[in-house]
Amino acid sequence: MLQVSVLREQRERIVNGLAKRGLKDAAELVDSAIALDQSRKDTQKQADDLKAKSNAEAKRIGELMKAGKADEAATLRAAIAGEKEQLKTLEQELSKLEESLKVQLYKIPNVPAERVPAGAGADDNVTVHEHGAIPQLGADALPHWELIKKYDIIDFDLGIKITGAGFPVYKGKGAKLQRALINFFLDEAEKAGYREMLPPIVVNEASGYGTGQLPDKEGQMYFIQEDGLYLIPTAEVPITNLYRDVIFTEDQLPVKNTGYTPCFRREAGSWGAHVRGLNRLHQFDKVEIVQVCKPEDSYRVLDEMCTHVQGLLEKLELPYRKLLLCGGDMGFNAAVTYDMEVFSAAQQRWLEVSSVSNFETYQANRLKLRYKNKEGKTQLLHTLNGSALALPRIVAGILENNQTPDGINIPKVLVPFCGFDKIS
RNA sequence: GGAGAGGUGGGUGAGUGGCUGAAACCAGCAGUUUGCUAAACUGUCGUACAUGUCAAAGUGUACCGGGGGUUCGAAUCCCCCCCUCUCCGCCA
């Protein structure tokens with residue numbers, strides 16, 4: 001969430017920025033938070049003053065008692081009898097205001113960065129880079145959901161049997177391809193200086209709030225009622241929350257982590273013809289990269305992360321394009337997002353395989369993730385993350401784009417990881 | 001799951017109702033000393049909100065796992081929850 005102090009000091013910039021998301025009531029949202037904060041401050045001042053007064057009186061009573069002036073103490077005690085009630089009222093009012101302010105702040109999405117174009121949805125995203133030639137397939141080319149049956153490498157029906165729709169079973173070379181991709185991605189990330197982490201894939205409520213999945217998106221996460229835990233929708237959640245309530249020193253930065261986890265998404269109500277096969281799943285595998293850095297470095301880091309992701313796609317010889325998302329298509333928490341999309345030749349569609357975002361201080365504020373700068377001041381850090389990469393659509397791209405009459409060619413870089421160069 | 005013990009500042013650890021935002025020690029930081037290192041000595045050393053300021057200093061409030069309660073006053077007493085450790089049970 002945004003800091004109220006920033007709302008107060010940069011109201012114009014924020015309201016104008018939020019307009020790029022197509023938020024119609026941006027000004028009202030911001031002003032109402034500012035107003036609540038002002039009431040909060042006023043009430044806190046009253047409460048603090050009253051507490052200061054009663055602290056002094058309590059101290060005085062103690063001194064009188066010690067001096068043996070019990071009757072004077074009793075007189076004073078009687079004189080301040082009403083204060084407690086008054087204080088209680090003030091404190092209740094204060095916590096109500098704090099709660100309302102928090103709820104209000106939760107409603108305000110991150111402010112799009114300077115470079116983000118205004119826009120309502122996917123049509124307004126800007127293609128900033130394209131790489132690789134679109135493969136020309138014959139008329140008999142199959143979409144991946146046919147190919148996986150033909151070669152018996154991924155089985156949706158078995159998944160339905162043991163779990164449900166959207167939970168495929170990877171078989172034989174299909175399973176091995178998953179493992180190869182995970183290892184390839186992790187090795188590449190490590191070469192780029194990321195430290196590998198293997199976090200839990202269920203998290204508590206506090207972590208959900210830390211990275212901004214909660215409140216609001218609880219419907220997207222699987223929830224384990226009995227223990228109050230959520231299955232992670234992305235490794236971003238556990239890996240970023242590692243640094244909740246942490247104050248770094250400057251020499252510990254930047255933090256560069258990577259991690260492989262399965263990801264779980266309920267995707268309630270988002271099914272249809274365009275999400276057949278591997279295009280959308282309830283459980284999928286992903287390698288994530290996460291960085292925590294100083295504010296002045298975050299845009300250089302964002303470029304670095306994009307370059308890393310693009311390098312992976314180039315090594316896999318997949319044609320892709322890089323999109324700068326417009327305000328209306330960005331996630332709630334992001335200040336900038338670049339999406340990488342692979343062209344899936346049999347579907348004749350671009351598939352999103354990575355999303356690289358700079359959250360600036362939006363997550364750090366909730367996480368209380370800060371560092372002590374050279375002047376000894378504690379200030380919020382910037383967090384960034386990106387998929388590097390999400391597997392299913394990569395698999396879809398590889399299968400579709402590399403199909404030949406006598407099998408599917410495995411990209412050269414993966415062969416050492418797979419142990420085979422063709423699925424036939 | 002059952003029984004017991006315990007959760008205090010970066011760490012160790014004192015503190016059972018007022019003089020404790022918190023002793024002492026260690027680590028850290030700054031300085032003195034020093035050919036360098038080490039040692040010694042001196043000082044400093046939590047976070048948040050508010051107030052104040054060009055900035056700061058200063059001042060007020062809150063925080064001793066979390067939440068509630070008792071009291072004029074709570075780290076200290078009471079209740080609930082969470083977590084850690086030990087033993088037993090179960091188990092990859």
Side-chain angles (χ1 to χ4, degrees), chain A residues 1-9 33-105 198-210 214 223-230 238 241-253 255 262 361 363-381:
Chain A
M1 75 187 141
L2 297 169
Q3 300 166 89
V4 220
S5 56
V6 174
L7 253 44
R8 241 188 278 131
E9 288 154 21
I34 293 173
L36 276 168
D37 184 51
Q38 191 54 52
S39 319
R40 191 211 96 235
K41 281 203 273 189
D42 295 343
T43 309
Q44 185 177 332
K45 182 88 180 96
Q46 285 181 52
D48 282 359
D49 288 348
L50 187 57
K51 273 190 258 187
K53 185 164 173 276
S54 68
N55 282 348
E57 286 158 349
K59 199 169 185 181
R60 180 73 191 132
I61 290 173
E63 282 161 5
L64 288 172
M65 301 279 283
K66 196 165 250 178
K69 300 175 182 167
D71 47 335
E72 273 186 55
T75 312
L76 183 52
R77 204 178 299 170
I80 62 179
E83 263 175 28
K84 248 190 113 174
E85 273 312 301
Q86 204 185 334
L87 188 57
K88 203 166 193 175
T89 311
L90 273 174
E91 279 181 335
Q92 276 169 0
E93 204 178 313
L94 182 60
S95 68
K96 233 183 270 171
L97 283 166
E98 282 171 345
E99 183 59 29
S100 314
L101 176 59
K102 204 167 72 180
V103 167
Q104 188 65 22
L105 287 173
L198 185 60
I201 59 172
V202 291
V203 293
N204 56 28
E205 193 182 36
S207 295
Y209 276 95
L214 297 175
F223 180 59
I224 302 166
Q225 182 72 254
E226 208 172 359
D227 301 292
L229 299 172
Y230 295 86
N241 271 284
L242 257 21
Y243 306 103
R244 175 149 43 84
D245 291 318
V246 168
I247 301 178
F248 281 107
T249 55
E250 206 166 338
D251 59 312
Q252 296 172 300
L253 297 166
V255 173
T361 58
Q363 287 183 329
N365 187 218
R366 282 202 202 178
L367 291 160
K368 296 196 174 56
L369 167 50
R370 294 161 293 175
Y371 83 113
K372 229 183 239 299
N373 67 19
K374 285 201 181 73
E375 292 79 50
K377 267 206 164 167
T378 306
Q379 64 174 286
L380 292 173
L381 287 162

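Here is how names work: the chains are called A, B, and so on, in the same order as the sequence lines, proteins then strands, and each is numbered from 1. What you see below is based on every heavy atom in this structure, not just the backbone, and it leaves out hydrogens, waters and symmetry mates.
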Quiz item: Who are the ring-ring contact (aromatic ring centres under 6.0 Å, His included) partners of A/Phe248, not counting sequence neighbours?
Solution: A/Tyr243
Does any nucleotide pair with [N] by Watson-Crick or G-U wobble geometry, both distances under 3.5 Å, and what is it?
N     : answer
B/U51 : B/G58
B/C29 : B/G43
B/C19 : none
B/G6  : B/C83
B/C64 : none
B/A75 : none
B/A14 : none
B/U70 : none

Taking atom [atom1] in both [N] and [M], what distance in whole Å separates the two?
N     : M     : atom1 : answer
B/C45 : B/A27 : C1'   : 11 Å
B/C19 : B/A3  : C1'   : 42 Å
B/C64 : B/G15 : C1'   : 11 Å
B/U8  : B/A75 : P     : 16 Å
B/C63 : B/U76 : C1'   : 16 Å
B/A30 : B/C54 : P     : 31 Å
B/C80 : B/G4  : P     : 14 Å
B/U34 : B/C29 : P     : 22 Å

Practice problem: For A/Val6, check side chain to side chain contact (heavy atoms under 4.5 Å, CB included) against everything at least two apart and list the hits. | Solution: A/Gln3, A/Gln10, A/Arg13, A/Ile14
Quiz item: Can you name the residues that form a side chain to side chain donor-acceptor pair (under 3.5 Å) with A/Glu98, not counting sequence neighbours?
Solution: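 Partners of A/Glu98 under the side chain to side chain donor-acceptor pair (under 3.5 Å) test: none.
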Check whether [X] reaches the backbone of [Y] with its side chain - one donor and one acceptor, N or O, closer than 3.5 Å.
X        : Y        : result
A/Asn204 : A/Ser207 : yes
A/Arg366 : A/Tyr209 : yes
A/Gln46  : A/Thr43  : no

Quiz item: Charged N to carboxylate O under 4.0 angstrom, A/Lys96 versus A/Glu93?
Solution: no
Quiz item: With the threshold set at 4.0 Å, does a side-chain nitrogen-carboxylate oxygen contact exist between A/Asp49 and A/Lys45?
Solution: yes
Between the protein and nucleotides 74-82 of chain B, which nitrogen or oxygen pairs come in under 3.5 angstrom?
none

Quiz item: Is there a donor-acceptor contact under 3.5 Å linking the side chains of A/Gln38 and A/Asp42?
Solution: yes
Between N or O atoms, less than 3.5 Å apart, protein on one side and nucleotides 70-72 of chain B on the other: list the pairs.
none

Quiz item: Quick one: what's the B/S/- string for nucleotides 46-62 of chain B, heavy-atom cutoff under 4.0 Å, read 5' to 3'?
Solution: -SSBS-----S---BSS
Quiz prompt | A/Leu214 and A/Glu205: CA distance, side-chain angles, deciding distance, side-chain contact (heavy atoms from CB on, under 4.5 Å) verdict | solution = CA-CA 8 Å; A/Leu214 297 175; A/Glu205 193 182 36; 3.8 Å; yes
Self-check item: A/Lys88 and A/Glu85: CA distance, side-chain angles, deciding distance, salt bridge (charged side-chain N to carboxylate O under 4.0 Å, His left out) verdict
Solution: CA-CA 5 Å; A/Lys88 203 166 193 175; A/Glu85 273 312 301; 5.3 Å; no
Practice problem: Kindly determine whether A/Glu99 and A/Lys102 satisfy salt bridge (charged side-chain N to carboxylate O under 4.0 Å, His left out), including the steps that lead there. | Solution: CA-CA 5 Å; A/Glu99 183 59 29; A/Lys102 204 167 72 180; 3.8 Å; yes
